[in-house]
Amino acid sequence: MDFNFNEDQRILTDMARKFFEKEAPKSLVRETMHDRKGYSPPMWQKMSELGWMGLAFDEKYGGYGGSFLEVAIIFEEMGRAAVPTPFFSTVILSGLLLQDSGSEELKRKHLTKIAGGECISTLALVGKSGVYSKEEIGLEAKAVGDHYLINGAASFVPYAHVADNIICAARTPPASGEGVTLFIIAGKAEGIEIIPLKTIVGEGVDCVVNMRDVKVNQGQILGEPGKGWECIERLWPKIAVALSCKCVGGMKKAMELTIAHVNERVQFGKPLAALQVVQHMCAEMFIKSETSRHAAYHAAWLISEGLDCEKEAAIAKAWCGEAFKDVTKIAHQLTGGIGFTEEFDLHLYTKNAKNLELLFGDGVFHRNVVAGRVGL
Amino acid sequence: MDFNFNEDQRILTDMARKFFEKEAPKSLVRETMHDRKGYSPPMWQKMSELGWMGLAFDEKYGGYGGSFLEVAIIFEEMGRAAVPTPFFSTVILSGLLLQDSGSEELKRKHLTKIAGGECISTLALVGKSGVYSKEEIGLEAKAVGDHYLINGAASFVPYAHVADNIICAARTPPASGEGVTLFIIAGKAEGIEIIPLKTIVGEGVDCVVNMRDVKVNQGQILGEPGKGWECIERLWPKIAVALSCKCVGGMKKAMELTIAHVNERVQFGKPLAALQVVQHMCAEMFIKSETSRHAAYHAAWLISEGLDCEKEAAIAKAWCGEAFKDVTKIAHQLTGGIGFTEEFDLHLYTKNAKNLELLFGDGVFHRNVVAGRVGL
Amino acid sequence: MDFKLTEKQQQFREEVRDFLKAEMARGIYPFGSIHLAGALSREFSKEVSRKGWIGLAWPKEHGGQGLGYTDRIIMLEEMFRVAAPMAYHYMGDRQVGPGLIHFGSDFLKREFLPKILNADACFALLFSEPEAGSDLANCKTTAVEEGDHFIINGQKIWTSGGHYAECGWVLARTNFDPSISKYNSFSEIIVDMKSPGVTIRPIINIVGAHSFNEVFFDNVKVGKGYLVGKKDNGFRQIMTNLDYERAGIDRLMQNYRVKEVLLEYVKTNKRNGRPLSGDTLIRDTVAKIEVEYEVARLFVYYVASLLDQGKIPSFEAAMGKTICTLFEAKLADVATTLMGLPGLLMPGSPEALFDGVVCESYLWSPSYTLQGGTVEVLKNIIAQRGLKIGGK
Amino acid sequence: MDFKLTEKQQQFREEVRDFLKAEMARGIYPFGSIHLAGALSREFSKEVSRKGWIGLAWPKEHGGQGLGYTDRIIMLEEMFRVAAPMAYHYMGDRQVGPGLIHFGSDFLKREFLPKILNADACFALLFSEPEAGSDLANCKTTAVEEGDHFIINGQKIWTSGGHYAECGWVLARTNFDPSISKYNSFSEIIVDMKSPGVTIRPIINIVGAHSFNEVFFDNVKVGKGYLVGKKDNGFRQIMTNLDYERAGIDRLMQNYRVKEVLLEYVKTNKRNGRPLSGDTLIRDTVAKIEVEYEVARLFVYYVASLLDQGKIPSFEAAMGKTICTLFEAKLADVATTLMGLPGLLMPGSPEALFDGVVCESYLWSPSYTLQGGTVEVLKNIIAQRGLKIGGK
């Protein structure tokens, strides 16, 4: 067993970290959070030039045929940078979904563009309740002649407002292939109305997507009609692990900010770090971040090896999501008033942490998966 | 509002504490835990001479007409003394049940004896699952002619093996008054087999009561046939609060033992109490014990005023039960190896705490009551 | 032992409720803010003043009602239940008035008590400095005597309401003899916030709100008559005041509305066709919140009862603040998590549930356990004063 | 990064499993104890020795198998899964052997390594004293040189297995020069527990079991050849050893059976007619246990991988022990609570579920987070060595 990155992985980590340090200074992060676009096109362009959007995909679709571990590393560093980008929605939610479940034709048409960094794409999955389940899907597609008409609303759709393509999960009634069907639709298709939401992580990230008689045809179906939810379930571990790695990067940085503070900040004639209670709180953060790191990369490695990892991915997300949040709580308690200001970087992590805790299933959600895996 | 004991209550506290310090030294407590009788008859006799068994009952049944607050004080001091006695089963489980739900005749016959300290009595309520619910009752009574025959098993019946009387909760089928019916039966009645269990608190406390065609008549019914569970529900807050007060006394003493230890025990050239982490752990214990005290007595006061207190009693038991356990955990962490020995008194509280956490409903059980009271 | 409120107190509670219902119905005041400093309305404070409820617990000879701390808690509980906009008079009522009554000269009492009582002056507290948070004795702001004035120089920070307050209650060093303990070197002085030399710089917090300020003093001239209490005795005066500050129900109920909306959410929503209220895990989660709230609330009344008995709570107030603020922080966390993604919608967002109050409260929550003594400082106090262990 | 066990390691795991299955089937050894010291069987240890699995990770030149720490974890994991009775050889294998290999003279190696490997000697560790728990430097036991002997006097406490061990590994003060740091004043010496002057007094713990002892040394004479390593260097030797001690899976799996029975209980029981496994709160409770277990288990393998890379884990081992022992304690608490009153039946009671193992484990649990460094001491280490903050 080897828990360490190999040379290539270390180089990638290093490169990604330096890239974000240079290209995503915290001034940009702050600006992006309040920007209705929700991301920085120049930075997106540069990420694309580095080939990161193609890391996870087959060479025949213009990708680099890298393993999921490399993608995991990018996510860790993106979590550390705390910078909003449509990378997750494009590469994981759309790209991997296409790669795993799309027809050859769809892959050639769409995956190639994603891998080449030429488009932004997303997934409209949940309804307004924000609950991840088949039953709570808010879109419905009805077969009408040789096409379908989609109506309803999806919510919390990341970057829908700037997406070239939206993959929609819609309930389809018996006559139209009972179950959930995935359709890939142009972001600007007729009948689509997109309303950006203001959430804890910014004003241009999540959107409501309203659909009114949006017309799609058979060729836009991803996978088989009525079998869309199974595709989502196959994708789930990858989603969970990518987000877990983002948590790992975020919590390591939040801890570092805090430790720098307690070493510097003098109260009662000594640095805060001299207080045993402060030391123990720091030890808590460190325990959370080290255990999270291993849990996340263990699952990432299983994915990259093509091994079953439903349980491990659920463990990673349940653990890392709550750990990141807990780390930011300790961090605030130790950075005091300074940490509560907009100027100090900590809150960028606090907000991401709360979001990541809930995104694609909170602790309870993923522990329920674990319970299933131990036979309950 | 006045959160303090009045003069009489202070005197009672003082008297009870001195009584137990003198009559229930820890050597007696240890001995009693390993004794199949499970209590000390001489101490029981002395408690009876002080009139404690009659504190809660009307003067016309030989009681002292005291308020529930006085009973609560006895329970707090009993918790502090950590001494096993059949006081709870006799006075609360049987005496108050008789007083609240028994016929005049039953009260005169049985309550008078209880109030006079002349008998030990108990309640056979739960089945072998240990779950407190109508459905899990393990005894069944069938009407046969002018009498009933009881069959089945009850478990975790405190002091059944030394009880003069056992009140049994038995399911009664439609023909015999559908629901749960309470019967008061002599401990030595024919067809009763009693097997003492070895539990965390001792070898002579809880028992299994097996019944085989135990014959009872109408006159032995407490309350109305089929309405026994309602009697139990009325009794429930009093049970919960008596046990909560026991928790309060126990956790205060466990905390005191620990604080004495950390003040005395020198490591690295200073008393443990000089370490900030130790101070904070002690502060935690203190917070638990002070909040528990108020929660328990608030509910006790409501009972003594005859006011509704279902929610407050549930809050008290949920809070105090877990708080006592948490205090013993901190106490062990701070008293180290010494606290882990049979010689040191802490474990007497640790064992009581775990038992009291679960006795008559754990935190989840009582919070479920609270949830109901806030409209869920 | 008697947990009953008197008949008078129960009537008083009804009176406050009726008053608030009527004021809310007028629809002109900013009810509903989950942060005290966010809800300023001098007009509303004037209405409260007219009822005589500013200075409720002050002695009658100083213009108060001479009622008890329990009465004050009753009033505040009702105010917080509807998040009434109390910011204008709050500091004056809670802290400045009692401080002046304890320590102030006749001049200061005459000058300021009526203004507070009539909602004619809003106060800001200027204690903390960049290098002096938990460690107030490290304050660098100086007030040097010059003739019949003090000349104040220095920088304060985390000044809630500094941008709208007329008056500042400043802690400054007045004794520079290095042989004298720092604890005997500070004084409290009241400063007109409009004085020449006072500069106020807003601090935007992580909620995106302007509630704190940095305040700079550059040779600010203040008459000696504005010294509160004895010179060099400021530290001790503050410490006494802090116990009062920590005692209050404001530490429990700032985000009370989150508890209400959480309950409403659970009662009215389904997931996958099943009501949330039937889920054992959700029931337990919500009940935990309720239990902790009630336990903390009872403790607040306990601390008030001590004050009413003429006792000064010290570890008790610290304990109260500890459990109350931890509760507030937990409430916001539990509510966001339980509501899921809709719980992360901010105020002003399309589709925001309950005006985004749950998410907003989560962002405020790190401040709850810091203000007026961090949980860690409070636990030191509980151990050292309450259990008499480990004190220096 | 590679989380795969080698093919050889996977085969080895199978081999251990098969061995244990066969040994259990013989029905003559006390499998199933949830406390290491409770399961003594020299005969079973002899069987393990015959397989070559004592000294598995010792170098071949000292009679070991020269395998890695990961291999050892694999073996132990399987042993703990069925609670194999390892007490006889455990200390020798884990602690004494490696200590001798690092620091021991040729004489000591020749004398003791074969005995340990052949399960012919059981060791007890005699470090702690009444006044020296976390603070080992406060030990009062002395070993005074007299000719070619040491004369040992003093009192040890918490000596696991002191009543059956043949050999004791004693920490004693050997340098009495007050100008020399205590950290350079102690030595490690091996003592025959049957020597004249050794008195053993049992300590009954809160479980009611005799696993600890007090050991008194009254002018016990030990040849100088039994000094381990360098004189006055004992403290440093112990500190190195502690990191190995803390690294192990024994800190995670002592009460593994409780996790198994908890799961079985939830799978097979109903309450009020509904299966426990369908209750969301119970599912979440059990899954939390599972998640923490797997996270801790992974960390144990991580620490082993560091050792296999020739690194000495320090804060990592402390971190591993912290999460593992907190897990064990939590498991016992959760299981007793979840099972309710039947979970409080003790071993030997009528009606006891799963032989009373759940209740028994709850009583053992306070010791989990104390032995081999309390959680508090470990967190000091994590902060000071791992984060480089606050060290003295």
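Chain naming here is simple, since letters A, B, ... match the order of the sequence lines and numbering starts at 1 in each.
Ranked by non-hydrogen atom pairs under 4.5 Å with chain C, the options A:E342, A:E203, A:Q267 are led by A:Q267. Contact tally against chain A (heavy-atom pairs below 4.5 Å) for C:M346, C:M339, C:K379: the top residue is C:M346. In terms of heavy-atom pairs under 4.5 Å with chain A, the best-connected choice from C:P347, C:A329, C:P350 is C:P350. Of the listed residues (C:G273, C:P342, C:G340, C:G133), the one with the most heavy-atom contacts under 4.5 Å to chain A is C:P342. Interface remark: of the candidates A:L359, A:I338, A:V277, A:I338 forms the most heavy-atom pairs closer than 4.5 Å to chain C. Between chain A and the residues C:I157, C:L341, C:V375, the most heavy-atom pairs under 4.5 angstrom are made by C:L341. Options A:E343, A:R265, A:H347 differ in how many heavy-atom pairs under 4.5 Å they form with chain C, and the most are formed by A:R265. Of the listed residues (C:V207, C:N138, C:L281, C:T369), the one with the most heavy-atom contacts under 4.5 Å to chain A is C:T369. Looking only at heavy-atom pairs under 4.5 Å with chain A, the residue among C:T374, C:L353, C:T336 that has the most is C:T336.
Side-chain polar atoms of C:N380 and C:R385 form no donor-acceptor pair below 3.5 angstrom. Counting only N and O atoms by type, the side chains of A:T199 and A:D206 include no donor and acceptor under 3.5 Å apart. Of the N and O atoms on the side chains of A:T32 and A:K37, not one donor lies less than 3.5 Å from an acceptor on the other residue.
Using a 4.5 Å cut-off between heavy atoms, C:I203 touches chain A through its side chain atoms alone. Both the backbone and the side chain of A:N355 come within less than 4.5 Å of a heavy atom in chain C. The part of A:V364 that comes within reach of chain C is its side chain, from C-beta onward, which places non-hydrogen atoms under 4.5 angstrom from that chain. Interface residue C:A132: only backbone heavy atoms are found under 4.5 Å from chain A. Both the backbone and the side chain of A:F340 come within contact range of chain C, each with at least one heavy atom under 4.5 Å from a heavy atom of that chain. Heavy-atom distances place the backbone of A:V266, and not its side chain, under 4.5 Å from chain C. Of the two parts of A:F365, neither the backbone nor the side chain holds a non-hydrogen atom closer than 4.5 Å to a non-hydrogen atom of chain C. Only the backbone of A:S129 comes within contact range of chain C, with at least one heavy atom under 4.5 Å from a heavy atom of that chain. For A:L197, the parts lying under 4.5 angstrom from a heavy atom of chain C are both the backbone and the side chain. Heavy-atom distances place the side chain of A:E357, and not its backbone, under 4.5 Å from chain C. Residue A:K134: no heavy atom, backbone or side chain, is found under 4.5 Å from chain C.
A salt bridge between A:E322 and A:R367 is present, with a side-chain N of the basic residue lying under 4.0 Å from a carboxylate O of the acidic one. Between A:D362 and A:K325, no side-chain nitrogen of the basic residue sits less than 4.0 Å from a carboxylate oxygen of the acidic one, so the salt-bridge criterion is not met. C:K330 and C:E292 are joined by a salt bridge, as a carboxylate oxygen and a charged side-chain nitrogen come within less than 4.0 angstrom of each other. A:K329 and C:D333 are joined by a salt bridge, as a carboxylate oxygen and a charged side-chain nitrogen come within less than 4.0 angstrom of each other.
For A:K270, the NZ atom counts as loosely surrounded, since its 6.0 Å shell holds 12 or fewer non-hydrogen atoms of other residues, nucleotides or ligands. Shown here is C:K270, whose NZ atom has no more than 12 heavy atoms of other residues, nucleotides or ligands within 6.0 Å.
Using the six-membered ring where Trp is involved, A:H261 and A:F344 have ring planes that are perpendicular, over 60° apart on the 30 and 60° scheme. By the 30° and 60° cut-offs, the orientation of the rings of C:F186 relative to C:F235 is tilted.
Cation-pi geometry between A:K317 and A:F360 is not satisfied (NZ or CZ under 6.0 Å from the ring centre, within 45° of the ring normal).
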